[in-house]
Asker: 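Take a look at this one; I'll ask things after.
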Amino acid sequence: MKHIFKIIAMLVAVSAIWIALLETATVPRSYTWLLPIYLVVALGCYGLFMVGFGLMFFPTCPQEAVLLQQDILEAKEFLSKKGVDKQWQMKKEGLYE
């Protein structure tokens, strides 16, 4: 709930700045109307940059990969004991509905 209050406060602050720029003549009116579009484009660029940065420096965890492979093998063994694997193969061959 706190996060939504931060977002609302930020939107109110940006709106107040935009309205102040519209009312005063510091920035030409034709440029002031485009500021929300520039803001959306800037936020999109920032988002793409953060995703790219996160992908470039994504940590590799070899120990976690080994644990994940062990979990997968355990799950396969568990499911084969329950007969799930056989049902899937029979369904694939058209023998089981």
Asker: Identify, with sequence neighbours excluded, every residue that meets side-chain contact (heavy atoms from CB on, under 4.5 Å) alongside Gln63.
Answerer: none
Asker: For Phe57, which residues count as a ring pair (Phe, Tyr, Trp, His ring centres under 6.0 Å) partner, sequence neighbours excluded?
Answerer: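 Counting only residues at least two positions away or on another chain, Phe57 forms a ring pair (Phe, Tyr, Trp, His ring centres under 6.0 Å) with Phe53.
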Asker: Side-chain heavy atoms under 4.5 Å apart, restricted to Ile/Leu/Val/Met/Phe/Trp/Tyr: what other residues fall into the cluster of Leu48, or is it alone?
Answerer: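 Result for Leu48 is none, singleton.
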Asker: Suppose we screen for side-chain contact (heavy atoms from CB on, under 4.5 Å). Which residues come up paired with Glu74, at least two apart in sequence or across chains?
Answerer: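 Partners of Glu74 by the side-chain contact (heavy atoms from CB on, under 4.5 Å) criterion, ordered by chain and then number, come out as Asp71.
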Asker: Would you tabulate the side-chain donor-acceptor contacts of residues 10-24 under 3.5 Å, counting partners in other chains and residues two or more places apart, or write 'none'?
Answerer:
unit_1	atom_1	unit_2	atom_2	d
Ser15	OG	Leu11	O	2.8
Trp18	NE1	Thr32	O	2.7
Thr24	OG1	Ala20	O	2.9
Thr24	OG1	Thr26	OG1	3.4

Asker: Would you say Leu34 ends up clustered with Val40 if hydrophobic residues are merged whenever their side chains have heavy atoms under 4.5 Å apart, either directly or through other cluster members?
Answerer: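 No, because Val40 and Leu34 fall into different hydrophobic clusters, even though each may have its own neighbours under 4.5 Å.
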Asker: Under 4.5 Å side-chain heavy-atom separation, chaining through any Ile, Leu, Val, Met, Phe, Trp or Tyr, what else clusters with Leu73? Say none if it is isolated.
Answerer: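 ILVMFWY cluster around Leu73 holds nothing else.
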Asker: Do Glu64 and Leu67 have side-chain heavy atoms sitting under 4.5 Å apart?
Answerer: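 Contact flag for Glu64/Leu67 side chains = yes.
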